[in-house]
Engineer: 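The structure's right below; bear with me while I get my questions together.
Per chain, numbering begins at 1; letters A, B, ... match sequence-line order.
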Protein chains: 2
Amino acid sequence: MSILLLMVRTRTFDPATALTHAVELFASKGYSETSMEDIVKATGVSRYGLYGTFGNKRELFEQALDRYADSMGKQAFLRLLEPEASLDHIRRIFEGRVDDMCCEGATKGCLFIHTAMELAPRDDDLKDVLQKFMRRMSKLFSIGLESAKEKGEVRKDLDVTAAGELLTSTMFGLVVLGRTGFDRKTLNNIVENTLRAMR
Amino acid sequence: MSILLLMVRTRTFDPATALTHAVELFASKGYSETSMEDIVKATGVSRYGLYGTFGNKRELFEQALDRYADSMGKQAFLRLLEPEASLDHIRRIFEGRVDDMCCEGATKGCLFIHTAMELAPRDDDLKDVLQKFMRRMSKLFSIGLESAKEKGEVRKDLDVTAAGELLTSTMFGLVVLGRTGFDRKTLNNIVENTLRAMR
DNA sequence: ACCATAACAGAATGAGTATTCTGTTATTTT
DNA sequence: AAAATAACAGAATACTCATTCTGTTATGGT
């Protein structure tokens, strides 16, 4: 008889989809403004389930941050690793983000910015995790730029490391402007002018 | 006998300095994370004084935002209106911001970003106010760039309106990176590469 | 079929919050 | 000096929140 594996009643929710909902809420409203009650309602999962599966709000947030970074990577950034990555790949990443910020209820936000502004100053662990993600993001931009350089799409003397960090920074600036209601045209213009500087 | 002007006991605090403290707290921690209790402690002003003078937390925040924008303007941005404004003026504005983010306890934040992320999505009035400030900021950058263009410091075909918006966006990106612990060198590098694109 | 117990729903707890209320103090006017 | 009352300090209120507790339900092992 196995004690550890005993599970007399099966779980009625999928932790992965629950986490997806949590990511959406946190990305939209940030940490403090998202209550566990909000998450209970959005996921349909009981407090018991949430606490049992994710620990507490802080730990749930950290897992949401992991997931967020992961899905951002898979959705868009990892394609920058392919040798055929071009400036257009980078442009599309930005345009996708602009669309997120401008269309419909524009409820999408940015978990990275929320973490940086709300939590990083008082939670060193989270700050380190966040910094790691941002460095990775910058690195992926750099790699994409290097491929673009080989294609002759960006100037030969471009410091791709510095440019990658600049693009990461631009990404956040865009979101902040998007949240305050700047329109798609303005945001895409910023993207275009930023990319133009690489050529 | 004047009823309206009757003030039997003189106020023991200066609303202006109280507001300064509130600005610092809100800029550092944002709206939700700053309690009225925090402000009472930081200012030494009683609840009575705060509510009597500023209304409520929401109104106090709005006044803090006004003040913040105002002092940002006076400190740095208004100099861009002078005809002798140059690219170096713009550089210094950014470097000042980088210093704010990197030195000492790095408790300084950005009231604009906090407002955009926390409040703008659920407070249209505040969103409009914020957008107005951001447009003004972009405009001031544009004017400075125009002066720089006349000096031959930036290329003749630069769209200063678009470039002003880009610089505004860059300002926010920098703060987000600064909050997650990126060092002064990286941030100044981003500034330098952004400015270089104007030439 | 029955037991043991994990998963559940939601009530209870305790801490923190914004705001209002209360009794006190200080200052102008009479 | 006394009266009137604005400013004060801090208690009281009403609410929200994260977390824990409680009683119920469903299911795997016997």
Engineer: Using whole Å, report how far CZ of Phe61(B) lies from C1' of dA18(C).
Structural biologist: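 That distance rounds to 16 Å.
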Engineer: Is the shortest heavy-atom distance from the side chain of Phe172(B) to the side chain of Phe172(A) under 4.5 Å?
Structural biologist: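 Side-chain contact under 4.5 Å: no.
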Engineer: dA18(C) P sits how many Å from Leu25(B) CG, rounded?
Structural biologist: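 Result: 12 Å.
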Engineer: Using a 4.0 Å heavy-atom cut-off to protein, can you give one letter per nucleotide of nucleotides 18-27 of chain D, 5' to 3': B if the base is in contact, S if only the sugar-phosphate is, - if neither?
Structural biologist: SBB----BSB
Engineer: Can a side chain N or O of Thr12(A) be found less than 4.0 Å away from OP1 or OP2 on dC8(C)?
Structural biologist: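 The answer is yes; a side-chain N or O of Thr12(A) sits under 4.0 Å from OP1 or OP2.
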Engineer: In this structure, how many angstroms lie between the P atom of dT16(D) and the NZ atom of Lys41(A), rounded?
Structural biologist: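 Taking atom P of dT16(D) as the reference, NZ of Lys41(A) is at 10 Å.
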Engineer: Would Arg11(A) count as a cation-pi partner of Phe13(A), with NZ or CZ less than 6.0 Å from the six-membered ring centre and within 45° of the ring normal?
Structural biologist: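 Yes, a cation-pi geometry.
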Engineer: Any heavy-atom pair between the side chains of Leu187(B) and Cys102(B) that's under 4.5 Å?
Structural biologist: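 A side-chain contact under 4.5 Å exists here.
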Engineer: Strictly below 4.0 Å, N to O, side chains only: are Asp88(A) and Arg91(A) in salt-bridge contact?
Structural biologist: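 Result for this pair is yes, salt bridge flagged.
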Engineer: Taking the side chain as everything from C-beta on, heavy atoms only, tell me whether Phe133(B) gets closer than 4.5 Å to Leu65(B).
Structural biologist: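 A side-chain contact under 4.5 Å exists here.
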Engineer: Do side-chain atoms of Lys139(A) reach the backbone of Glu165(A) as a donor and acceptor pair under 3.5 angstrom?
Structural biologist: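 No; zero donor-acceptor contacts below 3.5 Å.
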Engineer: Whole Å only: how far is the CG atom of Leu50(A) from the P atom of dG10(C)?
Structural biologist: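 It works out to 14 Å between those atoms.
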